[in-house]
Amino acid sequence: MTMRNKPNTESLKQTTTFTDEAAGASSKGATPSQSFRARDRRKFLKGGMFAAGATVLGAGVAPSRLLAAQDNDSAPITKGDIAILRFLQALETIEKDLWQQYSELGGTQDNEVSGLNGGNVPYTQALQLLDGDMPQYIHDNTDDEISHARFLANYLESIGAEPVDLTPFAHLPSSKADGARQVGRLTNLTQLTIDTSFWSQYRSITNLDFDPNAVFAQAVPSLNAGMHTAIPRSNDDTAGSVINPDPTQSTFPDLLKAIAFTAGFHFAFIEEGGTSLYPTLAQHVTNLEVLRILLSIGPSETMHFQTWQDKAGNATPLTVFDKLNNSSVTFTDLHAAKGETDPESLNGDTLQANLIMPEPTHFLNPKFGPVAIIRPTSTKFGGAQAAVMSFVKDGLFRGQKPLNNPELVRVLMQLAEEADEARRQL
Ligand SMILES: [Fe+2]
Ligand SMILES: [Fe+2]
């Protein structure tokens with residue numbers, strides 16, 4: 001694996017040239033009147049903003065600051081921007097790896113997502129207990145992650161920076177169940193410890209950034225202890241299923257149901273991480289095009305999260321002990337959680353399943369009133385290092401060597417530190 005953590009000045013120069021050329025190319029295609037209109041509009045907006053600033057904001061904001069912001073649209077791509085892009089490209093590669101495993105076993109099987117191997121029918125149908133469209137959603141989330149990783153790698157190359165290559169770490173074993181390809185993996189989906197407090201974080205008025213000591217209830221407390229598999233490890237985990245062409249007529253052993261429900265919560269956990277990560281890192285970006293990339297990919301993670309937290313809430317009550325992981329899991333009916341909810345609770349104990357829209361929460365200053373937002377977006381809780389640590393705690397890298405400080409985690413943490421250290425340079 002080759003990594004260029006400190007791009008030299010030459011590559012940064014290339015970067016600037018690329019950005020300028022790209023800007024020139026786009027204006028070349030415009031007709032003279034379009035160019036004039038664009039220039040004219042910018043001039044107008046500049047003047048208009050000055051006027052609006054003076055009228056609406058009064059003496060609180062210096063007009064020079066507003067003008068300065070306009071003039072910095074052409075800020076070059078910085079070393080920090082590249083650090084952020086390289087970290088995101090590495091993390092998207094991790095996402096791609098885990099989603100490919102889910103898609104091979106539980107996604108719609110077609111030619112769009114490469115490497116699908118016929119699927120695992122009992123697991124795919126068990127996932128449909130959460131929603132009949134789960135296979136399509138799993139397929140499409142995978143497709144999205146493949147595109148995120150590929151786009152970021154291609155973009156890095158286009159600006160003279162080297163993408164991160166994680167293939168030397170792809171040595172974890174595949175599931176032995178029908179449908180899984182037998183290739184090396186970066187991630188382990190069979191020994192997870194899933195923090196399901198994201199559930200109450202978005203249902204509470206309390207914001208982790210605002211109150212770091214806040215306690216957020218777990219949607220499924222037993223997933224946050226012990227180890228749980230989110231995929232069938234072998235055909236033993238699907239044995240006893242009675243499969244019907246109509247999935248609603250099929251029956252499954254409780255172990256397989258628990259595996260499918262575990263996956264449902266894991267999907268939301270993963271995508272909630274991306275939901276916070278992009279807006280957190282966007283605050284450190286200097287170049288406008290790089291900012292556009294983060295602002296364009298980030299919300300697609302949020303679309304994933306929103307879908308998954310809606311589906312996970314459809315898990316049905318059951319308790320299962322898994323011999324292989326020596327762990328129990330209990331799912332409850334979160335639709336029935338209405339009686340114990342209190343949206344204004346500072347303890348974050350609201351679990352009601354259909355509260356999938358973000359509860360307005362504290363942000364910046366309580367005097368502004370609660371507001372519906374993505375949270376957390378501080379470096380401490382939503383940044384790159386926080387994302388890697390949450391994946392480590394999740395057990396995604398269990399089995400990577402050496403055991404206590406796996407090389408893959410060391411590489412990811414180094415990339416994460418550099419991304420978190422990036423600062424806007426305007
Ligand atoms: Fe992604
Ligand atoms: Fe994602």
Side-chain angles (χ1 to χ4, degrees), residues 84-104 106-108 112-114 127 133-156 163-164 166 170 185-189 192 194-196 198-199 201-202 230-231 263-282 285 290-312 356 358 374-377 382-384 386-397 412 415-416 419:
I84 287 170
L85 289 169
R86 293 187 82 229
F87 171 73
L88 288 172
Q89 178 250 327
L91 210 74
E92 292 290 354
T93 304
I94 298 291
E95 273 201 294
K96 172 180 139 183
D97 179 272
L98 70 93
W99 275 109
Q100 275 183 320
Q101 296 184 62
Y102 281 129
S103 200
E104 286 171 28
T108 297
E112 193 179 22
V113 179
S114 61
L127 284 160
D133 286 325
M134 288 293 275
Q136 190 65 55
Y137 297 158
I138 291 168
H139 168 283
D140 290 349
N141 204 140
T142 309
D143 197 23
D144 291 0
E145 306 306 354
I146 292 170
S147 77
H148 290 166
R150 182 181 55 219
F151 176 89
L152 290 166
N154 287 341
Y155 186 81
L156 280 163
V164 181
L166 296 179
R185 311 286 183 175
L186 293 168
T187 58
N188 179 353
L189 298 175
L192 299 171
I194 306 170
D195 180 351
T196 57
F198 63 83
W199 193 266
Q201 278 193 48
Y202 271 95
I231 52 173
F265 279 94
H266 194 237
F267 298 164
F269 165 82
I270 291 291
E271 300 304 310
E272 189 259 355
T275 293
S276 277
L277 180 64
Y278 276 86
T280 302
L281 292 180
V285 166
V290 175
L291 182 61
R292 184 179 181 187
I293 292 171
L294 268 70
L295 294 182
S296 302
I297 293 179
S300 75
E301 305 287 346
T302 308
M303 291 169 79
H304 298 157
F305 168 57
Q306 178 72 346
T307 301
W308 295 130
Q309 69 154 338
D310 187 31
K311 304 313 164 196
I356 59 168
I374 297 303
R375 77 292 297 254
T377 53
V388 175
M389 283 317 297
S390 76
F391 279 12
V392 171
K393 284 186 195 160
D394 189 49
L396 273 178
F397 305 123
L412 290 174
L415 290 163

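Both counts, for ligands and for their atoms, begin at 1 and track the order of listing.
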Worksheet entry | Results of salt bridge (Lys or Arg N to Asp or Glu O under 4.0 Å) for K96 - residues two or more places apart only | none
Fill in: N-O pairing of E271 and K311 below 4.0 Å
no
Worksheet item: Parallel, tilted or perpendicular for F305 and Y202, by the 30°/60° rule?
Response: tilted
Worksheet item: Are Y102 and F267 close enough that their ring centers fall under 6.0 Å?
Response: yes
Enumerate donor-acceptor pairs with a distance under 3.5 Å from any side-chain N or O in residues 389-397 to protein atoms, sequence neighbours excluded.
residue, atom, partner, partner atom, Å
S390, OG, A387, O, 2.8
D394, OD2, H266, NE2, 2.6

Worksheet, complete the sentence: By salt bridge (Lys or Arg N to Asp or Glu O under 4.0 Å), E95 pairs with (sequence neighbours left out) none
Worksheet entry | Atoms of protein origin (N, O or S) under 2.8 Å from the Fe ion (ligand 1) | E92 OE1, E92 OE2, E95 OE1, E145 OE1, H148 ND1, E301 OE2
